[in-house]
Amino acid sequence: QVQLVESGGGLVQAGGSLRLSCAASGSIFSRNAMGWYRQGPGKQREWVAIITTGGHTNYAGSVKGRFIISRDNAKSTVYLQMDSLKPEDTAVYYCNSVPSVPWGQGTQVTVSS
């Protein structure tokens, strides 16, 4: 069974940076696109970024130009480099494959103003 373990979150001031990691167990990682999602306080979970097995990427408009998604297939790990962070980026961040598997615990990102 695939397990997803997110890490790298924390508290950062506005304008700062964080790099999130998501380690995936199982063989599904190498075959599927991987995405990052987030759920802010009182909000529904939303899609943030996606990367295909070939390395093609796409981003939600709210993060385009500030976030970069990447993947290391040898390590079954997907990353999210987050720069120029804003308070509205505060959320629990999750990764998942496409199609999805059971969600991990996520990692909390808090951006102070």
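In this text the structure is predicted, and so the values were computed from the model without any measurement.
Taken to the nearest 0.5 Å, the CD1 atom of Ile69 stands 7.5 Å off from the CD1 atom of Ile50. Here the straight-line distance linking atom OG of Ser76 with atom CG of Leu4 works out to 10.5 Å at 0.5 Å rounding. Asp83 contributes atom CG, which lies 11.5 Å from atom CZ of Arg19 (distance to the nearest 0.5 angstrom). Expressed to the nearest 0.5 Å, how far CD of Gln13 lies from OG1 of Thr110 amounts to 13.0 Å. Rounded to the nearest 0.5 Å, atoms CG (Asn73) and NZ (Lys75) are 12.0 Å apart.
With contacts defined as side-chain heavy-atom distances shorter than 4.5 Å, the pair Met82/Ser17 does not qualify. Within the 4.5 Å cutoff, the side chain of Tyr37 has no heavy atoms near those of the Glu46 side chain. Side-chain contact between Phe67 and Gln81 is absent, with no heavy atoms from C-beta onward closer than 4.5 Å. Taking the side chain as every heavy atom from C-beta outward, Val109 and Leu20 approach each other to under 4.5 Å.
Smallest separation of non-hydrogen atoms from Ala14 and Ser113: CB-CA, 4.4 Å. The minimum heavy-atom distance between Leu80 and Ala49, with the atom names listed, is CD1-CB, 4.3 Å. The shortest non-hydrogen separation linking Ser30 to Thr53 is O-CG2, 3.6 Å. Taking every heavy atom of both residues into account, Phe29 and Asp72 meet most closely at CE2-O, 3.8 Å. The heavy-atom pair separating Ile68 from Tyr59 by the smallest distance is CA-OH, 3.3 Å.
Under the 6.0 Å distance and 45° angle rule, Arg71 does not count as a cation-pi partner of Tyr79.
Judged by distance alone, the side chain of Thr90 and the main-chain N or O of Val111 form a donor-acceptor pair under 3.5 Å. With Trp47 contributing its side chain and Arg38 its backbone, the two residues share no donor-acceptor pair below 3.5 Å. In this structure, Ser25 contributes its side chain and Gln3 its backbone to a donor-acceptor pair below 3.5 Å.
In this structure, the side-chain contact (heavy atoms from CB on, under 4.5 Å) partners of Arg66, at least two apart in sequence or on a different chain, are Val63, Ser84, Lys86, Asp89.
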Exercise for review: Assess whether side chain to side chain contact (heavy atoms under 4.5 Å, CB included) is satisfied between Ile51 and Val78, documenting all intermediate values.
Suggested key: CA-CA 9 Å; Ile51 184 166; Val78 61; 4.1 Å; yes
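In terms of hydrophobic clustering, with Ile, Leu, Val, Met, Phe, Trp and Tyr side chains grouped at heavy-atom distances under 4.5 Å, Tyr93 and Val12 are assigned to a common cluster.
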Taking only distance into account, with no hydrogens and no angle test, what donor-acceptor pairs under 3.5 Å do side-chain atoms of residues 98-107 form with protein atoms, sequence neighbours excluded?
{"residue": "Gln105", "atom": "NE2", "partner": "Glu6", "partner atom": "O", "Å": "3.0"}
{"residue": "Thr107", "atom": "OG1", "partner": "Gly9", "partner atom": "N", "Å": "3.0"}

